[in-house]
Amino acid sequence: MVRNPITMRFFSGRHAHRAVLIALFVVSLRMLLLPNLENPTWDHSAFQFTFAPEMLNAAPIILAVAVSPIAQGSIKKTVKIATVSDAETEAGNLIVNVGALPTGVIVADIANSNGIVTAQITVDCKMSIGTITIPLTVANRRGLANSTNLFVKIEANIPPVLGAYGLATLNLNSSVEFSPFTQQSDNGSIQRITAAASNFTGTFSVNLTTGVISIGKAGPVGQYTVTVTGVDNCGATATTQFNLNVLQAGAPLEADVTPRTTGNGTVTIADWTQVGRFVAGVDTILESSEFQRADCAPRATTGDGKITVADWVQAGRYAAGLDTGTNAAGPTRPDSTDPALGHQEAQPQSARFVRAVSRPIFRGQVAALPLEFNALGNENALGFTLSFDSRWLSFYRLTTATDITLTLNRKQSGQLGILLAKPAGQVFAAGTQTIITLEFIPSGGEDVIQTTLDFSDQIVQRGGADADAAPLSALSLIAAELTISGRATAHVSAASYLGASAAPDSIVSAFGTDLAPTTYAATTTPLPETLGGMRVTIQDRAGHQKAAPLFFVSPGQINYLVPDGLSDGLAIITITNADAVISRGLLHLERVAPALFTADASGKGLAAANVQHLRADGSERYERVAMVDPITQRLIGKPIELQAEEQTFLLLYGTGLRYRNDLSAVNARLGGLPVEGLPIEVLYVGPQGGYAGLDQINLRLPLALRGRGVVTVELEIDGYLTNPVAILIK
């Protein structure tokens, strides 16, 4: 059956009208189909659809946004200028145009991203400062439009920002490309960049885009301040500076002291550390070139004949790149008028001071003693010598804040050379602060002891330097009065009787009262762990315990061997007799704790040593360093005769040194210092082999020692000095 076509009109308009029309369409369609349910044949020609606009579309909406001020000379600055929307047209399809613009302003590359409108605005350098109006229009696909105004504030041109440069160092007549470590920028464009330095005969050229400076044919040797100048498209200028150092190729640098003794042509943190070791007296500086390089402050004069805290700070500035390196110059030996060479008299108290703080000290416990520093706020580094009576106190360790670098000289008994520094360029905060906490092991005994923790200038001269390596004014050092009380045994090296430190397989003496009922000496090997009912137990910091083999016990003294296999650190020594009476004391276990035996077993005076004379034919003879005077019955030195036709060796005996590091790091010192230019060859440092805990040191004595008379000998082993002993040279 063919029915008449039905024409349906869909009225384009608001959504409410659309909903009504759709409902009418559905009703009509059902009326058409119901009579044909018995015959479902479908005639598509019965339907005709006609669309006819019956209502007008609303105009789109445009809203201008706030724009940050734009400077004169800005080129194609991309900004958000408006948001747009429309009821029927997708926001991204709306067209935005700009009306008539003020002279000197260009708006280009307008883009509409889903209703967010951006543009690139260019402002002429001569544009007047103030607020301008930019007309904006938006239109939809039907041509309906709407307008608004965009207000933009014009500000004065911003000068260019040039890249920042570090320190440049190059050799004479060499060339290099020197890059900035920050980028250059301008609101417009940089038109020209130049570089220049007074008295510099080389060339500079600057890449306009990257700021890289090409330095050519550098010269002459010296330090220069290079001024970099940039000019932007509006004629505004900006400058920056950097330091340029031209060096003589192959010549040594100030503060270049590692590796010893020639350096390596660069200054690093290792050189800073080594200069600190010179200042602290840990290492002995050699005159001539090494002294000249280490003596680097004041920087303006490349040294002053003194090795002080200021040199340490200056070396740190070179290592950190805060100052440009320079060829070594200045004094090659110490200034004989340098007050650091002798004791400095006490200074009147000043606002800047280091103060030792008193605390009660009890035997059998570690004593923690703070050092306080009252800073004025401009100090980068400090140096001083701390003194204590080694009869009553044995240095254990110290701690500092994490941002403080410490250089410590603990070679001299009863003295600590101390250097403290903040990182290069930084300073201590103003005010009073704890800079060090010292820990001591008090000596054994029962009596109440009064002693002091004092200061001197024997190792490190008191003083300081600011962050620019300039010496500081007076530094006061304030001592502390200390009281030691309680009861405990004392444990010291059986060779030197100094300190409360011991190494594995070394011999220790314990002193106290009523330790053993009588005297017993070991007569068997291996040594017994119980002797006369006495027993010595060592508990290390990890809690492990071992019995100590015993040499000798008596009411006032016990000699024992420190067993191997214990952890380094603070150990508790327990002495138990047959009646279970206990005495306790403290001992600091270290891998190396060297000490030398003396002829009279006092730890001082003539060495307990032998001399070996070896002839070219292989024959040899031995003699002792000490002998008994037949008249006075006292020990005296036996002169050692040095002859050209034979080699002479000094055989010293000690304990606590067999686990030392490389033999090349063991130094022999005569008279407390290396003899001028004399090589004292160290041939052997290790176990003696015949007796438990006994070590031996073999030295070759040079002929140049002839006629020197009494000479003191001490060894430096892994940074520790032994007690000095004496020999007599004929």
Side-chain angles (χ1 to χ4, degrees), residues 353-373 382 384-401 404 406 408-418 420 432-456 458-460 477-493 496-502 508-513 538-543 562 566-575 582-590 593 720:
F353 62 80
V354 174
R355 175 175 56 207
V357 180
S358 298
R359 293 284 189 273
I361 298 176
F362 302 99
R363 292 185 178 93
Q365 301 178 20
V366 173
L369 305 176
L371 292 186
E372 294 180 344
F373 175 43
L382 301 173
F384 48 86
T385 301
L386 187 74
S387 300
F388 58 93
D389 194 330
S390 58
R391 294 176 301 170
W392 315 123
L393 294 173
S394 176
F395 174 69
Y396 172 38
R397 65 182 180 182
L398 61 76
T399 56
T400 66
I404 293 178
L406 169 74
L408 177 67
N409 182 344
R410 54 174 296 185
K411 295 178 182 179
Q412 305 298 326
S413 176
Q415 292 185 323
L416 299 174
I418 296 174
L420 298 167
T432 302
Q433 55 212 277
T434 297
I435 53 173
I436 291 179
T437 299
L438 298 149
E439 294 185 51
F440 292 92
I441 298 174
S443 64
E446 299 178 1
D447 298 335
V448 176
I449 300 297
Q450 301 292 331
T451 186
T452 60
L453 193 61
D454 205 348
F455 298 90
S456 73
Q458 294 298 325
I459 300 176
V460 177
L477 302 172
I478 305 171
E481 298 294 330
L482 306 175
T483 300
I484 303 174
S485 61
R487 182 180 186 275
T489 51
H491 298 262
V492 295
S493 168
S496 65
Y497 301 116
L498 296 174
S501 296
V508 172
S509 292
F511 295 94
T513 57
I538 303 177
Q539 178 178 304
D540 66 16
R541 62 182 176 86
V562 177
L566 294 170
S567 300
D568 290 353
L570 192 66
I572 299 174
I573 315 299
T574 302
I575 300 174
I582 294 176
S583 298
R584 286 194 174 92
L586 300 177
L587 187 64
H588 181 205
L589 299 182
E590 300 185 82
Y720 296 95

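In what follows, residues are counted from 1 in the order of the sequence shown.
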So, does [X] use its side chain to make a donor-acceptor pair with the main chain of [Y] at under 3.5 Å?
{"X": "Ser358", "Y": "Ala480", "answer": "no"}
{"X": "Asp540", "Y": "Ser567", "answer": "yes"}
{"X": "Arg541", "Y": "Asp568", "answer": "yes"}
{"X": "Ser496", "Y": "Leu498", "answer": "yes"}

[X] side chain near [Y] side chain, heavy-atom distance below 4.5 Å:
{"X": "Val460", "Y": "Ile418", "value": "no"}
{"X": "Phe388", "Y": "Leu369", "value": "no"}
{"X": "Val448", "Y": "Gln450", "value": "yes"}
{"X": "Ser394", "Y": "Phe440", "value": "no"}
{"X": "Thr489", "Y": "Phe511", "value": "no"}
{"X": "Leu393", "Y": "Ile484", "value": "yes"}
{"X": "Ile441", "Y": "Leu570", "value": "yes"}
{"X": "Val357", "Y": "Thr434", "value": "no"}

Where [X] and [Y] come nearest, the two heavy atoms and their spacing:
{"X": "Ala500", "Y": "Leu587", "value": "O-CD1, 3.3 Å"}
{"X": "Arg363", "Y": "Gly486", "value": "NH1-O, 2.7 Å"}
{"X": "Phe373", "Y": "Phe353", "value": "CD1-O, 3.2 Å"}
{"X": "Ile538", "Y": "Ala571", "value": "CG2-CB, 3.9 Å"}
{"X": "Ala490", "Y": "Ser443", "value": "CB-C, 4.4 Å"}
{"X": "Thr400", "Y": "Ile404", "value": "OG1-O, 3.7 Å"}

Leu408 vs Phe395, side-chain contact (heavy atoms from CB on, under 4.5 Å): CA-CA, chis, key distance, verdict: CA-CA 12 Å; Leu408 177 67; Phe395 174 69; 4.1 Å; yes
Spacing of [X] atom [atom1] and [Y] atom [atom2] [to the nearest 0.5 Å]:
{"X": "Thr399", "Y": "Ile435", "atom1": "OG1", "atom2": "CD1", "result": "11.5 Å"}
{"X": "Gln415", "Y": "Ile459", "atom1": "CD", "atom2": "CD1", "result": "4.5 Å"}
{"X": "Leu420", "Y": "Ile436", "atom1": "CG", "atom2": "CD1", "result": "4.0 Å"}
{"X": "Ser387", "Y": "Gln412", "atom1": "OG", "atom2": "CD", "result": "10.5 Å"}
{"X": "Phe455", "Y": "Ile478", "atom1": "CZ", "atom2": "CD1", "result": "8.5 Å"}
{"X": "Ile572", "Y": "Leu586", "atom1": "CD1", "atom2": "CG", "result": "6.5 Å"}

side-chain contact (heavy atoms from CB on, under 4.5 Å) between Val508 and Ile573, intermediate numbers included: CA-CA 11 Å; Val508 172; Ile573 315 299; over 6 Å; no
Any residue meeting side-chain contact (heavy atoms from CB on, under 4.5 Å) with Asp389, in chain and number order, not counting sequence neighbours: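 Expected list: Arg391, Trp392, Thr451.
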Stepwise side-chain contact (heavy atoms from CB on, under 4.5 Å) check, Leu453 with Arg359: CA-CA 11 Å; Leu453 193 61; Arg359 293 284 189 273; over 6 Å; no
Residue pairs, two or more places apart or on separate chains, that pass salt bridge (charged side-chain N to carboxylate O under 4.0 Å, His left out) and touch residues 437-452: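 Checked against salt bridge (charged side-chain N to carboxylate O under 4.0 Å, His left out) - neighbours excluded - the pairs reaching residues 437-452 are Arg397-Glu439, Glu446-Arg487.
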